[in-house]
Every structure is written in structure tokens, then in C-alpha cells.
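Below is one structure, written out as C-alpha cells, with a few remarks after it.
A quick note: this is a predicted structure, and the numbers were derived from the prediction, not measured.
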Amino acid sequence: MSALCQRRTFIQMRTVLKVVDNSGAKKVMCIQALKGKKGARLGDTIVASVKEAHPNGKVKKGKVVYGVVVCAAMQRGRYDGSEVKFDDNAVVLVDKQGQPIGTRVFGPVPHELRKKKHVKILTLAEHIA
């Protein structure tokens, strides 16, 4: 399959995601989506394993963490008829209670996270899409 006609699907097991906060991790691999049978979409929580990390960050390589999907390549319809989708899959690391581990969130964050009760991530974000 070429890159132009690549199929955009759910975030499922073994999907590698970019981390867009300053928790210390660079890339994580999804172990399990915590809601839904098919996989995770925008705003869903996943369990992931850290694959790449900064040497002096809060989380280390190999640690199992929770994350909230803030950018997904799969499109998501909005109530006004428009659709939101991103170029890559990205995640913000959170603890079991849903509080972010990092203190900053980089890049655009969709306002759909407000409905999913992730208001703390929206307050840390620099740009809300």
C-alpha cells in the first residue's frame, strides 16, 4: 500500500504514538484501548509502553503508562458537519486518576476533550483546535 492511499484506522494494539508533552517520553506503543472493542479514537484513554524516552525525564523506557489520545489520523465528525483529523497519532501521558504527568502540552489539541472530561489537558495546551 502506498503512503497516498493509506487507510486511516483506530488506534489499536502495537500502534506507535508520538508523545506531545514534557513528561520525558518521546514515543509510546499502545498495549490496549480502555474503551471500545475496535480501538481508541480522539479523546480515548489507552494503556501504552514507553519505547523512546529522554535520558532525564519523569518516565523511563519500558514503563507502562496511561495516555489520552489528543491527535488521531482517523477523522472524527463534529456536530456542525465538519471533520477533524491530524497528520499523525499523538498522546498526552496521564496517571490513573487522569491527571497529566507533564506540565506542558505541545501542538494543537481538539476541543472534543472537554466532553471527555480532560479539561486539565486543555488548560495546559498552547493551541486548541
Side-chain angles (χ1 to χ4, degrees):
M1 225 193 265
S2 71
L4 293 173
C5 66
Q6 187 176 14
R7 192 156 150 70
R8 310 260 187 206
T9 58
F10 288 93
I11 291 162
Q12 56 197 6
M13 191 187 281
R14 296 187 67 84
T15 303
V16 176
L17 301 102
K18 198 168 82 175
V19 179
V20 289
D21 62 3
N22 62 348
S23 60
K26 292 185 203 171
K27 287 193 172 154
V28 294
M29 187 173 76
C30 177
I31 297 173
Q32 185 183 26
L34 288 182
K35 190 181 147 253
K37 215 175 234 183
K38 287 186 178 176
R41 298 183 77 172
L42 213 56
D44 289 347
T45 305
I46 63 168
V47 182
S49 166
V50 178
K51 289 295 172 190
E52 285 181 34
H54 289 286
N56 49 5
K58 290 180 190 169
V59 293
K60 301 286 181 256
K61 183 182 172 193
K63 188 176 179 202
V64 175
V65 291
Y66 287 85
V68 174
V69 179
V70 293
C71 296
M74 183 181 180
Q75 71 268 13
R76 173 95 186 228
R78 287 185 169 169
Y79 286 119
D80 60 358
S82 63
E83 287 184 339
V84 59
K85 70 177 176 181
F86 296 91
D87 291 338
D88 54 355
N89 298 318
V91 71
V92 171
L93 300 187
V94 294
D95 57 11
K96 278 194 174 181
Q97 286 75 39
Q99 299 300 315
I101 295 174
T103 54
R104 295 175 65 201
V105 175
F106 311 110
V109 173
H111 67 260
E112 277 90 353
L113 294 180
R114 184 159 295 158
K115 286 201 292 282
K116 301 265 189 176
K117 308 282 190 287
H118 298 298
V119 184
K120 186 86 168 106
I121 295 174
L122 283 170
T123 57
L124 295 175
E126 58 185 26
H127 179 69
I128 297 174

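- Within the 4.5 Å cutoff, no side-chain heavy atoms of F86 are placed close to those of V70.
- With contacts defined as side-chain heavy-atom distances shorter than 4.5 Å, the pair V94/I121 qualifies.
- You'll find the side chain of D21 reaches within 4.5 Å of the side chain of V19, heavy atoms only.
- A 4.5 Å side-chain heavy-atom check between L42 and P110 finds at least one atom pair inside the cut-off.
- Between A72 and I11, the shortest heavy-atom distance links the atoms CB-CD1, 4.3 Å.
- Here side-chain hydrogen bond (donor to acceptor under 3.5 Å, both in side chains) pairs that include residues 41-51, with residues two or more places apart or in two chains, are D44-K116.
- For the pair T15/F10, no side-chain contact is recorded, criterion being any heavy-atom separation below 4.5 Å from C-beta on.
- Contacts classified as side-chain hydrogen bond (donor to acceptor under 3.5 Å, both in side chains) and involving residues 74-86 (residues at least two apart or in different chains) are given here: R78-E112, D80-S82.
- Among all heavy-atom pairs drawn from K18 and D88, the shortest one is NZ-OD2, 3.1 Å.
- In this structure a side-chain-to-backbone donor-acceptor pair under 3.5 Å is present from H111 to A129.
- Considering only heavy atoms from C-beta on, V47 comes within 4.5 Å of V64 through its side chain.
- Judged purely by atom type and a 3.5 angstrom limit, K58 uses its side chain to pair as donor or acceptor with the backbone of I101.
- Counting all heavy atoms, side chain and backbone alike, A40 lies closest to I46 at CB-CG2, 3.5 Å.
- Inter-residue side-chain proximity for P100 and L124 is flagged as met; some heavy-atom pair is nearer than 4.5 Å.
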